[in-house]
Protein chains: 2
Amino acid sequence: MSDREDSQVRLDAGEAEETLGYKLRLAQILAFRGFEQRLTDCGRAPRYLGLLSVIRAHPGQPQSRIAEAVALSRSSFVTILDQLSAEGLIERRPSDFDRRVNGIWLTPQGEALVARLMEEAQRYEAEMTRGMSDEEIACGLRVLQKLIDNLS
Amino acid sequence: MSDREDSQVRLDAGEAEETLGYKLRLAQILAFRGFEQRLTDCGRAPRYLGLLSVIRAHPGQPQSRIAEAVALSRSSFVTILDQLSAEGLIERRPSDFDRRVNGIWLTPQGEALVARLMEEAQRYEAEMTRGMSDEEIACGLRVLQKLIDNLS
DNA sequence: GCAGAACTGTTCGATGTAAAACAAAATCTC
DNA sequence: GAGATTTTGTTTTACATCGAACAGTTCTGC
């Protein structure tokens, strides 16, 4: 008697249910949204934590380089950096070698907030992956990396 | 001498590089964008293929149910269905049992296009996963599903 | 050297999505 | 049954992202 469609579980996607593409999208939306909603009192940093982590790992890189790393357009990036800059998290400094480029750095406040949010992200990651073995998680990471490589 | 930052490879995200959250987002953006850009002559169906596949698997379900399945808000969904309807791919029919709800069906044209695009998606999937073993892909699917379950 | 091409950050206009508010309909509670 | 609550689809408003166009800078090929 469970062929009724009115149960509480999410409707499956039929044929698409067996594809990485479909699940990838769904998982990403849910993960991203959940993380952002749990940290509503930290300004825009939670939303842009990935990007900030790239800046932290590669201080002084030009905008376009960082935008490309996180698959955002240069034009979107301008506004985002304006916001992060207004919140005192990052700093644009003109390059000495190429007068077109701005190098991007984290401010000390930015550094501190990113450090704290990365801990938060690790906790969130643990919740997301509860019930999974370490090998399973490692396999997931490897698969995602290969997808990224193949799609780049 | 490879500690210069000016190589062509994507900048890594430092600490975040080891997290599923970061890679998930990147992979999803690249996968989605790539698929959509390869099918610019099919209207809005490529972008909304997942959603259409849900409709195909569960014809006649109310809008809100399908929106929830693909993690879209009800309000966004209105516009999307307007577009898909204008392209003749889906049809809204008022329910006989509940006069608030519209049931959603694929039209014959919609059915045909979705069938064709699903083949396209399988090809794309194969490109995305080239160099991966079947077990690896299966593991990726399983990990994503567990993420979705944990996040729902 | 120099003219054309390519690159960088930016602005502007268009599109996609979400949240809040709403009306109509169903459901619940007593 | 009547009134309150919830649900459904919708409209409105705000915001995030993108592509195209632009000006300033650098690079390339000759």
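Note that this is a predicted model, so its numbers are computed, not measured. Order of the sequence lines sets the chain letters (A, B, ...), proteins ahead of strands, with each chain counted from 1.
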| request: Going 5' to 3' through nucleotides 9-17 of chain D, assign each nucleotide B (protein heavy atom under 4.0 Å from a base atom), S (under 4.0 Å only from sugar-phosphate atoms) or - (no protein heavy atom that close). | output: BBB----SS
| message | Measuring to OP1 and OP2 of C/dA24, would you say a side-chain N or O of B/R99 lies under 4.0 angstrom away? | response |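 No.
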| query | Which comes earlier along DNA chain C counting from the 5' end, the contact point of B/F77 or that of A/D98, where each point is its nearest nucleotide? | reply |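 Nearest-nucleotide comparison on DNA chain C picks A/D98.
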| task | Would you check if there is a donor-acceptor pair between the side chains of A/S152 and B/R10 at a distance under 3.5 Å? | result |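 B/R10 vs A/S152: donor-acceptor pair found between side chains.
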| task | Mind checking ring pair (Phe, Tyr, Trp, His ring centres under 6.0 Å) for A/F77 and listing every partner two or more places apart, or none if nothing turns up? | result |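 For A/F77, no residue satisfies ring pair (Phe, Tyr, Trp, His ring centres under 6.0 Å) once neighbours in sequence are set aside.
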| field | Side-chain heavy atoms of A/K23 within contact of B/I148, under 4.5 Å | value |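 Yes; the side chains approach each other to less than 4.5 Å.
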| request: Could you check B/R74 against B/E68 for salt bridge (Lys or Arg N to Asp or Glu O under 4.0 Å), going step by step and ending with a plain yes or no? | output: CA-CA 8 Å; B/R74 275 178 306 151; B/E68 190 197 2; over 6 Å; no
| task | Round to the nearest Å and state the distance from A/I66 atom CD1 to C/dG9 atom C1'. | result |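 Atom-to-atom, A/I66 to C/dG9, this comes out as 13 Å.
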| said: Between P on C/dT17 and CD1 on B/I29, what's the gap in Å once rounded to a whole number? | reply: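 Rounding to the nearest Å, CD1 of B/I29 and P of C/dT17 are 13 Å apart.
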| message | Assess whether a salt bridge exists between A/R123 and A/E120, defined as any Lys/Arg side-chain N lying under 4.0 Å from an Asp/Glu carboxylate O. | response |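 Looking at A/R123 and A/E120, the cut-off is met.
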| query | Does a side-chain N-to-carboxylate-O contact under 4.0 Å join A/R38 and A/E127? | reply |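 Salt bridge present between A/R38 and A/E127.
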